[in-house]
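One structure is given here, and the rest of the page talks about it.
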Amino acid sequence: MILNGKETALNLNNALKLNIQEDLKKYRAPHLAIILVGSHPASLSYIKGKLKAAESVGMKATLHHFEDDVQTETVYQMIQALNNDKDVDGMILQLPLPKQLDEAYLTQAIDVSKDADGFHVLNQGLLYQGKPAVKPATPYGMTLLLKAYNIDVLGKHAVIVGRSNIVGFPIARLLMDLGATITVCHSKTTDLSYHTKQADILVVSVGKPHLINKNMIKKDAIILDVGINKVDEKLVGDVDYNDVYDHVSAITPVPGGIGPMTIHALLLNTYHLYEKHVKINTK
Ligand code: GUN
């Protein structure tokens, strides 16, 4: 089975659009502000997708684009202006940032009430305590995709390759919350394939094209491939899709798998922040 993120995200975006159409009878439109620094080709392409999707559901989306050589203070001032702008519900600072910028300082400068990426330490702390939090978009989108395909995680062994703060670590927590047993592997793991072969659900998020082949997986595993790599002008994941296809019970394609679900989850996060901003005093 192919886990079609593109189609699932389209359906979920359509449902979100209907909610927003209802809200627009009473309130202003939800507003996502995106800060982009430089012209990293992958970031430009992600941002284009985010802007297009936001507009397709009836959200306002604004792009604040800085040159590659901008200094931390200038970006910080923009974040403060957006924090203080009552029209803005959600904000993201597209990563990676050029080296001269202080990424930790800038991501934490985003007001927690506008943290559409869930990268603020307060949201991460709430998530790790299993409390309601803004969930990072990629892992949140992955759980929504599993839900859309009625894949029950309870009691399954999920093996995660990659330990980043934006994917590997939070998806470990979210799958654990859903009742999975978790193993987290990373670049220092010895005998990676020993672990990946144990996986009922295998999540791969390291950015290495075709790292995982059929000899590294258990028959009928469920594969979530977060990798987006350009090889010979083609996008491929971290999993060798053609090699593993006959050995899996379900797999996300690249492109068209996790990517569109990440964008949907970002819009959903922004929408939930919007609801808190505009509806809080009217319920
Ligand atoms: N770069 C790669 N993934 C992400 C993401 O989810 N959010 C942001 N802001 N930057 C990213």
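Remark: Ile201 CD1 to Ile160 CD1 distance equals 9.0 Å, nearest 0.5 Å. Here the CG atom belonging to Leu51 is positioned 13.5 Å from the NZ atom belonging to Lys60, to the nearest 0.5 angstrom. Atom CG of Asp238 and atom OG of Ser205 lie 7.0 Å apart (nearest 0.5 Å). In this structure, NE2 in His40 is found 10.5 Å from CG in Leu97, a value given to the nearest 0.5 Å. Expressed to the nearest 0.5 Å, how far CD of Glu7 lies from CD1 of Ile2 amounts to 10.5 Å. From Glu275, atom CD reaches atom OH of Tyr27 across 9.0 Å, with rounding to the nearest 0.5 Å.
The side-chain contact (heavy atoms from CB on, under 4.5 Å) test applied to Lys219 returns no partner, not counting sequence neighbours. For Ile166, the side-chain contact (heavy atoms from CB on, under 4.5 Å) test picks out Phe119, Ser164, with sequence neighbours left out. The salt bridge (charged side-chain N to carboxylate O under 4.0 Å, His left out) search around Lys214 returns Asp243, not counting sequence neighbours. Applying the side-chain contact (heavy atoms from CB on, under 4.5 Å) criterion to His120, with sequence neighbours excluded, gives Gln108, Val112, Asp115, Leu122, Asn123. Not a single salt bridge (charged side-chain N to carboxylate O under 4.0 Å, His left out) links Asp240 to another residue, sequence neighbours left out. Under the rule for a side-chain contact (heavy atoms from CB on, under 4.5 Å), the partners of Gln77 that lie at least two apart in sequence or sit in another chain are Glu73.
Linking Ile, Leu, Val, Met, Phe, Trp and Tyr whenever their side-chain heavy atoms come within less than 4.5 Å leaves Val239 and Val167 in two separate clusters. Placement of Val204 and Phe169 in two distinct hydrophobic clusters is found when ILVMFWY residues are connected by side-chain heavy-atom separations under 4.5 Å, directly or transitively. Tracing side-chain contacts under 4.5 Å through hydrophobic residues (I, L, V, M, F, W, Y), one reaches Leu101 starting from Ile110; they form part of the same cluster. Residue Leu268 is grouped with residue Leu12 when hydrophobic side chains (ILVMFWY) are merged at heavy-atom distances under 4.5 angstrom, including chains of intermediate members. A continuous path of Ile, Leu, Val, Met, Phe, Trp and Tyr side chains, each step under 4.5 Å between heavy atoms, connects Met261 with Leu267, placing both in one hydrophobic cluster.
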Exercise for the section: Step by step, work out the side-chain contact (heavy atoms from CB on, under 4.5 Å) result for Val161 and His186. Expected result: CA-CA 6 Å; Val161 186; His186 46 78; over 6 Å; no

Practice task
Could you give me the CA-CA distance, side-chain angles and deciding distance for Asn229 and Val254, then say whether side-chain contact (heavy atoms from CB on, under 4.5 Å) is met?
Solution key: CA-CA 9 Å; Asn229 311 291; Val254 178; over 6 Å; no

Problem - Stepwise side-chain contact (heavy atoms from CB on, under 4.5 Å) test for Val159 and Val203 - result: CA-CA 6 Å; Val159 176; Val203 176; over 6 Å; no

Handout entry: Verdict with reasoning, Tyr274 to Asp23, per side-chain contact (heavy atoms from CB on, under 4.5 Å)
Key = CA-CA 10 Å; Tyr274 161 75; Asp23 291 328; 3.6 Å; yes

For residues 171-184, tabulate all N or O donor-acceptor pairs below 3.5 Å that involve a side-chain atom, not counting sequence neighbours.
{"from": "Arg173", "atom 1": "NE", "to": "Asp177", "atom 2": "OD1", "distance (Å)": "3.0"}
{"from": "Arg173", "atom 1": "NH1", "to": "Tyr128", "atom 2": "O", "distance (Å)": "2.8"}
{"from": "Arg173", "atom 1": "NH2", "to": "Asp177", "atom 2": "OD1", "distance (Å)": "2.7"}
{"from": "Thr183", "atom 1": "OG1", "to": "His157", "atom 2": "NE2", "distance (Å)": "2.7"}

Distance-only donor-acceptor pairs under 3.5 Å for side chains of residues 13-20, two or more places apart:
{"from": "Asn13", "atom 1": "OD1", "to": "His264", "atom 2": "ND1", "distance (Å)": "2.7"}
{"from": "Asn13", "atom 1": "ND2", "to": "Ala9", "atom 2": "O", "distance (Å)": "3.3"}
{"from": "Asn14", "atom 1": "ND2", "to": "Leu10", "atom 2": "O", "distance (Å)": "3.4"}

Could you go through residues 142-154 and list every donor-acceptor pair under 3.5 Å that involves a side-chain atom there, pairing it with any protein atom two or more places apart or in another chain?
{"from": "Thr143", "atom 1": "OG1", "to": "Tyr140", "atom 2": "O", "distance (Å)": "2.7"}
{"from": "Tyr149", "atom 1": "OH", "to": "Asn4", "atom 2": "N", "distance (Å)": "2.9"}
{"from": "Asp152", "atom 1": "OD1", "to": "Leu154", "atom 2": "N", "distance (Å)": "3.3"}

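A salt bridge links Glu22 to Lys25: one of the charged nitrogens lies within less than 4.0 Å of a carboxylate oxygen.
Checking each of Asn83, Asp117, Ile34 against Met91 for a side-chain contact (heavy atoms from CB on, under 4.5 Å) leaves exactly one that passes, namely Asn83. When the options Leu273, Asp87, Thr270, Leu82 are evaluated for a side-chain contact (heavy atoms from CB on, under 4.5 Å) with His31, the one that passes is Asp87.
The shortest non-hydrogen separation linking Ser43 to Pro96 is OG-CD, 4.0 Å. When all heavy atoms of Val231 and Val236 are compared, the pair lying nearest together is CG2-CG2, 3.6 Å. Across Ala29 and Leu24, no two heavy atoms sit closer than the pair CA-CD2, 3.5 Å. Nearest heavy-atom pair across Ser39 and Asp68 is N-OD2, 4.4 Å. Residues Thr189 and His195 approach most closely at CG2-CD2, 3.6 Å, considering heavy atoms. Scanning both residues, Pro170 and Leu127, for their nearest heavy atoms gives CB-CD2, 3.8 Å.
Side-chain contact between Leu224 and Leu3 is present, with at least one heavy-atom pair separated by less than 4.5 Å. Contact of the Ile222 side chain with the Leu202 side chain is not registered, since no non-hydrogen atoms from C-beta on lie closer than 4.5 Å. Annotation: side chain of Asn215 is not in contact with side chain of Ser193 (no heavy-atom distance under 4.5 Å). The shortest distance between side-chain heavy atoms of Leu36 and Leu44 falls below 4.5 Å. Proximity of Asp69 to Pro98: side-chain heavy atoms (C-beta onward) are nowhere separated by under 4.5 Å. Using a 4.5 Å cut-off on side-chain heavy atoms (C-beta onward), Ile79 and Ile35 make contact. Ile228 has its side chain within reach of Tyr46: a pair of non-hydrogen atoms, C-beta onward, lies under 4.5 Å apart.
Not a single donor-acceptor pair under 3.5 Å links the side chain of Thr8 to the backbone N or O of Gly5. Checked by atom type and distance alone, the side chain of Asn84 pairs as donor or acceptor with a backbone atom of Gln80 at under 3.5 Å. Side-chain N or O atoms of Asp225 include none that pairs as donor or acceptor with a backbone N or O of Thr252 at under 3.5 Å. With hydrogens and angles ignored, the 3.5 Å screen pairs no side-chain donor or acceptor of Thr74 with any backbone N or O of Val70. A donor-acceptor pair under 3.5 Å links the side-chain atoms of Ser249 to the main chain of Asp220, judged by distance alone. Judged by distance alone, with hydrogens and angles left aside, the side-chain atoms of Lys114 form a donor-acceptor pair with the main-chain N or O of Val88 at under 3.5 Å.
Within the structure, salt bridge (Lys or Arg N to Asp or Glu O under 4.0 Å) contacts touching residues 186-204 (residues at least two apart or in different chains) are Asp200-Lys218. Evaluation of the ring pair (Phe, Tyr, Trp, His ring centres under 6.0 Å) test over residues 48-101, restricted to residues two or more places apart or in two chains, returns Tyr76-Tyr105. Within the structure, side chain to side chain donor-acceptor pair (under 3.5 Å) contacts touching residues 88-101 (residues at least two apart or in different chains) are Arg28-Asp89, Lys50-Gln94, Asp89-His277.
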